[in-house]
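Counting convention: from 1, in listed order, for ligands and their atoms alike.
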Amino acid sequence: MKIIGIEHIAIAVKDLDTSSPFWKHILQIPHRSTEVVESEGVTTDIYDTKKGKVELLESRGSDTPVGKFLSKKGEGIHHVCFEVDDIKQAIIELKKNNIRVLSDEPRTGAEGYQVVFIHPSSAGGVLVELAQKPN
Ligand code: CO
């Protein structure tokens with residue numbers, strides 16, 4: 001498995017309209033896109049430093065993973081995503097090392113990336129996402 005870099009840091013927010021101005025106007029990180037990811041039940045607002053993105057996650061319902069996170073922990077860092085060269089190979093290697101992955105096959109995440117999540121219990125209490133860029 002080859003980690004290419006930090007792809008993004010994802011931050012759970014209650015309301016994009018309230019949270020986005022800090023990233024957009026104070027830090028002035030260029031806005032890249034806003035996208036609904038139905039499979040994850042979120043609207044994601046993406047800012048790109050060119051050396052790693054910030055993804056704000058607004059839940060689309062209280063029973064979604066981010067909705068549950070917000071009611072349990074409140075706003076804050078939800079996960080850290082690393083870019084990998086080969087996601088399928090990465091999953092094989094993780095499972096070989098008894099690392100708890102949340103799915104056996106990659107799923108399609110924001111911007112068409114193929115992604116998999118590693119359970120926080122296997123990653124020092126942090127929800128870790130691995131992602132492979134679409135061709
Ligand atoms: Co992510």
Donor-acceptor pair between Arg60 and Thr43 side chains, under 3.5 angstrom: yes
Listed partners of Phe82 passing ring pair (Phe, Tyr, Trp, His ring centres under 6.0 Å), at least two apart: none
Nearest non-hydrogen partners of Ser19 and Glu75, listed with the distance: OG-OE2, 3.7 Å
Salt-bridge criterion met for Lys24 and Asp45 (N-O under 4.0 Å): no
Any residue meeting salt bridge (Lys or Arg N to Asp or Glu O under 4.0 Å) with Glu7, in chain and number order, not counting sequence neighbours: Lys53
Heteroatom count (protein N, O or S) under 2.8 Å of the Co ion (ligand 1): 3
Which residues share a salt bridge (Lys or Arg N to Asp or Glu O under 4.0 Å) with Asp48, sequence neighbours left out: Arg32
